[in-house]
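Right, one structure below, let's go through it.
Everything quoted here is computed from the prediction, not taken from an experiment. Within every chain, numbering begins at 1; the chains are lettered A, B, ... in the order of the sequence lines, protein sequences first and strands thereafter. Scope of the values below: all heavy atoms of this structure, side chains included, with no hydrogens, waters or symmetry mates.
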Protein chains: 2
Amino acid sequence: MVCGGACGVGRLFLDFGCCWRVYRALVKSTVPKVTVQRLPVYLHCLEGMSGQEHVSSDQLAAMAGVNPAKVRKDLSFLGTFGVRGVGYDLDQLKFQIRLELGLEEEWTVVIVGVGNLGRALANYAGFTERGFRVVALFDPDPAKIGSKVDGITIEPLEDLEQSVRSKGAAIGVVTTPAVVAQETAETLAAAGIRSILNFAPTVIKPPEGIDVRRVDLSTELQVLSFYMHRRSR
Amino acid sequence: MVCGGACGVGRLFLDFGCCWRVYRALVKSTVPKVTVQRLPVYLHCLEGMSGQEHVSSDQLAAMAGVNPAKVRKDLSFLGTFGVRGVGYDLDQLKFQIRLELGLEEEWTVVIVGVGNLGRALANYAGFTERGFRVVALFDPDPAKIGSKVDGITIEPLEDLEQSVRSKGAAIGVVTTPAVVAQETAETLAAAGIRSILNFAPTVIKPPEGIDVRRVDLSTELQVLSFYMHRRSR
DNA sequence: ACATGTGAAGCGCTTCACAGCG
DNA sequence: CGCTGTGAAGCGCTTCACATGT
């Protein structure tokens, strides 16, 4: 980037001299996407530490498997609370990351599609540990309706909209077959869900105003396959 | 990048004039990482199409939710077999992607840790559909050993090395608790596994020569949390 | 006329290197 | 001295725009 040049934001052109920081703060006010993805990793590493009051970027970097400079830059987006010559205060750092990630709020989750994967997720301890509470399960199969998984009763699909709305759920997890994933996402959106985590092996076109993240298990295997294939040539 | 400038590769500096393509072909010979991640998505989209002989980059881009130019550039790494004014031959394109991803080989998979998630993955149809065959399951729990999941007998951890070696398995899926994930990865590496897919909520330091990919379900939720939190400020 | 293939510009993340400060 | 915070350079991916080809 040419420093001191003009920054184009949509059709608007602004000149901040050499100050990209001002640009970020005033115009975008955003933490880089890649940083957001690393914050949970840092948090996890920090939570596994004990018996020390401070952490250095080198230490955290080694645990998270990244470059120390990256750790420092990432953390600098949350504010300036490291101590030179010492490191970061462990408790404060954990708190700041949780705050930034919005983990101080308790988010409620519903899961649509109680197959093997849906059931596994309903039982997944990692959700509860992070403050995500599963409040409802939905499935179209009459044989499943009424039975419980981890204490939560499986409800019929027809009740989805009303149930989600009354519980004020924020996140919808889609573990349905691929063919009904889009439809499911739209129903969830209509019911007032704000974000969707999609495990169905298909691309969901995000409904208006909804943030969709995709986790595709077989995609991951295919990526591994590529690199194995490559290495053996 | 300054075109016509020098390209540094390690300590070696080479000058290829303006030709980044030559540089890629001769020195790196690699498809960009992000492209590799998108190829499975394209493939999935193509497999869902029928009743037409050709696809255009615009069409594929719309289905995959990306920019058309990106599709063309991605595909150009696999070779030059689009037809101007027409598009890509559907069957040929599917074949080329499968070839590039190494999906023409059948990879064998073992799963370590048969909890809810491990069981879900053992049953996961998406693996079989893509040519990944689960050949063994391992768990330390004596109560589980000997029972079957989807036709595969659960074996004790002690048999892992010998069993993996004799079956010539290529991919190890780690669905153990976080505390034993590293250890598990090293055992898998010692047994001759070549790649690891890690679902344990922790960072595995890759054993020598092993490619490790990490899928963390709660990380994904935390990323969603960040953006929801952000929006409501 | 239409869609690919691709230089080149744009943009954002990574990494270096060091000033700044306890 | 040690470690953070950060300009600036490096690098790779994205996107544009259009030459190229059918």
Short side-chain N/O contact from A/Ser57 to OP1 or OP2 of D/dT4, under 4.0 Å: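 Checking D/dT4 against A/Ser57, a side-chain N or O does come within under 4.0 Å of OP1 or OP2.
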
Phosphate OP1/OP2 of C/dG5: any B/Ser76 side-chain N/O under 4.0 Å: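 For B/Ser76, the contact criterion (side-chain N or O under 4.0 Å from OP1 or OP2 of C/dG5) is not met.
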
Is it the case that [X] and [Y] place a side-chain donor and acceptor less than 3.5 Å from each other?
X        : Y        : value
B/Tyr124 : A/Asn116 : no
B/Ser57  : B/Arg72  : yes
A/Thr35  : A/Asp74  : yes
A/Glu186 : A/Gln182 : yes

Letter per nucleotide, 5' to 3', of nucleotides 15-22 of chain C [B base touched, S only sugar-phosphate touched, - untouched; heavy atoms, 4.0 Å]: BBB-BBBS

Could you tell me the separation between the [atom1] atom of [X] and the [atom2] atom of [N], rounded to a whole number of Å?
X       : N      : atom1 : atom2 : value
B/Gln92 : C/dT4  : CD    : C1'   : 14 Å
A/Arg38 : C/dC13 : CZ    : P     : 9 Å
B/Gln59 : C/dA3  : CD    : P     : 10 Å
B/Asp74 : C/dT4  : CG    : C1'   : 14 Å
B/Phe77 : D/dC13 : CZ    : P     : 7 Å
B/Leu75 : C/dT6  : CG    : P     : 12 Å
B/Tyr88 : D/dT22 : OH    : P     : 14 Å
A/His54 : D/dT4  : NE2   : P     : 11 Å

NZ/NE/NH1/NH2 to OD/OE distance under 4.0 Å, A/Glu47 and A/Arg98: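 Salt bridge present between A/Glu47 and A/Arg98.
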
Sub-4.5 Å side-chain heavy-atom contact between B/Gln37 and B/Pro32: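 Of all side-chain heavy-atom pairs linking B/Pro32 with B/Gln37, none is under 4.5 Å.
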
